[in-house]
Amino acid sequence: MIKKIGVLTSGGDGPGMNAAIRSVVRCGIFHGLEVAGVIRGYQGLVDGEVIGLGHRSVSNIINRGGTILKTARSEDFKTEKGQNKAIETLKKHAIDALIVIGGDGTYRGAQVLYEKYQVPVIGLPGTIDNDLFGTDQTIGCKTAVHTALEAIDKVRDTAHSMERIFVIEVMGNKSGYIALEVALGAGAEDVLIPDRKFDYKSLCENIVEGNGKGKISWMIITAEGAAKAPEVAAQIHELTGLETRFVVLGHVQRGGVPLGADRILATRLGARAVDLLLQGVTGKAVGVLEDEINVVDLAMAYKRENKHVDEYLRLMKLLR
Ligand code: F6P
């Protein structure tokens, strides 16, 4: 019988993780469970960093970016030695089950705990990349897009005023989600994403053609995993002779006050994760499909998924 659950955040943080922690803690307590927080994700599990989480310890965090539990990418947990230490930590603190919040790496870690060590575990999708299978949306992705758009709107002002081409790099090493959404929301002229081939020649041909018709400013979005902004800007300048600048938005996209959409999603998923553990369900990831809660095997969820490329983008010739 589950009496005590643990919760951790792992990998890159995302806005809304705190709302998920809060939901897990409050729902756990509602069901009469004790709740423990593991600090720094799997690294904290290896190092034995565990704190008690009461009702009040998650007050006033629903609107805060980052994660009060801190997060890390743990190399130690990938080793047998590290995993054994993690299991010792769970035993020492009498943690019967775990809820992990993070992306594909976090889910892989959870799968190890579930499959190799039979730890009851449920995963919640917490990543700005929105690239997990079994959910339309991950906690943090909407806020990240919004944050990027706010910054890009500012760049647009100067791009237009100074009649320049701007290349803007957004996050997404393997995922084109932020780049695609941002391109649509910012009204960008072009977007480069991983998994989709592009060539500078045709990119520049479009620019030269537009320039010939009197177009003088462009916004080109690139996902970090598709091409780096300085390189794209240099190529455009070389091939077109037009003045080109670049901006790398970087980690600004990971911070800030979570949008309502992320808080609400996090709260719903956190509550369901607790329910599932109490029903004896384990080795699963909880997400949302067409606004309904969706539960899939962890081993499926971490296989990642490139989200649907909106047909609108094709029609607008935004995608190459
Ligand atoms: O997974 C989220 C993410 O922000 C990716 O978009 C990005 O490639 C990566 O994390 C950056 O990781 P780090 O903060 O470790 O440099």
Side-chain angles (χ1 to χ4, degrees), residues 8-20 39-44 65-67 69-78 100-111 123-152 167-183 185-186 191-196 221-232 246-259 262 265-266 269 285 287 298 301-307 309:
L8 62 81
T9 47
S10 162
D13 54 291
M17 278 185 164
N18 278 328
I39 307 297
R40 293 185 192 82
Y42 294 112
Q43 192 58 44
T67 158
L69 293 178
K70 305 206 182 300
T71 181
R73 302 187 196 278
S74 174
E75 287 303 316
D76 288 344
F77 185 72
K78 291 182 184 157
V100 301
I101 307 164
D104 60 322
T106 306
Y107 280 10
R108 279 173 209 278
Q111 178 69 9
L124 296 186
T127 166
I128 62 167
D129 290 344
N130 200 15
D131 57 351
L132 296 172
F133 176 80
T135 189
D136 286 337
Q137 199 187 314
T138 54
I139 298 162
C141 73
K142 296 281 181 198
T143 306
V145 168
H146 182 75
T147 303
L149 279 174
E150 279 186 334
I152 292 168
V167 179
I168 297 159
E169 182 181 312
V170 297
M171 275 191 164
N173 202 14
K174 297 179 198 141
S175 162
Y177 171 79
I178 294 177
L180 286 170
E181 291 285 285
V182 152
V191 57
L192 313 181
I193 56 168
D195 298 335
R196 189 176 288 269
I221 310 296
T222 180
E224 60 178 325
K228 300 289 180 195
E231 156 80 7
V232 180
F246 68 86
V247 177
V248 179
L249 292 185
H251 288 78
V252 71
Q253 294 158 95
R254 285 237 297 259
V257 173
L259 289 181
D262 282 320
L265 177 70
L269 298 186
L298 273 170
Y302 67 61
K303 285 192 176 139
R304 303 182 61 253
E305 182 184 57
N306 286 327
K307 296 297 173 205
V309 176

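Counting starts at 1 for both ligands and their atoms, following the listed order. Counting begins at 1 with the first residue of the sequence. The analysis underlying the following values was restricted to heavy atoms, covering all of them including side chains, and did not include hydrogens, waters or symmetry mates.
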Side chain to side chain contact (heavy atoms under 4.5 Å, CB included) test vs I178 passes for just one of I128, L149, N130, namely I128
Side chain, backbone, both or neither: the part of I128 lying under 4.0 Å from ligand 1 by heavy atom:
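Under 4.0 Å from ligand 1, I128 contributes side-chain atoms alone.
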May I ask you to check whether Y107 and Y302 place their ring centers less than 6.0 Å from one another?
no
May I have the step-by-step check of side chain to side chain contact (heavy atoms under 4.5 Å, CB included) for L249 and I152, ending in yes or no?
CA-CA 9 Å; L249 292 185; I152 292 168; 4.1 Å; yes
Near N173, which atoms of ligand 1 are under 4.0 Å from a heavy atom of that residue?
8 (O)
At less than 4.0 angstrom from any non-hydrogen atom of G172, what atoms of ligand 1 do you find?
6 (O)
Less than 4.0 Å is my threshold; does some heavy atom of H251 fall inside it relative to ligand 1?
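Yes, H251 has a heavy atom closer than 4.0 Å to ligand 1.
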Just going by heavy-atom distances, which of M171, Q253, R73, E224 is nearest to atom 10 (O) of ligand 1?
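When every heavy atom of M171, Q253, R73, E224 is considered, R73 comes closest to atom 10 (O) of ligand 1.
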Please list the nearest protein heavy atom to atom 1 (O) of ligand 1 with its residue and the distance rounded to 0.1 Å.
D129 OD2, 3.0 Å
For atom 11 (C) of ligand 1, which protein heavy atom lies nearest, and how many Å away is it?
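Looking at atom 11 (C) of ligand 1, the protein heavy atom closest to it is R254 NH1, 3.6 Å.
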R254 bridged to D13 by N-O distance under 4.0 Å
yes
Can Q137 and D262 be said to form a side chain to side chain contact (heavy atoms under 4.5 Å, CB included), step by step?
CA-CA 9 Å; Q137 199 187 314; D262 282 320; 3.9 Å; yes
Verify side chain to side chain contact (heavy atoms under 4.5 Å, CB included) between Y42 and L8, making sure each step is shown before the conclusion.
CA-CA 8 Å; Y42 294 112; L8 62 81; 4.3 Å; yes
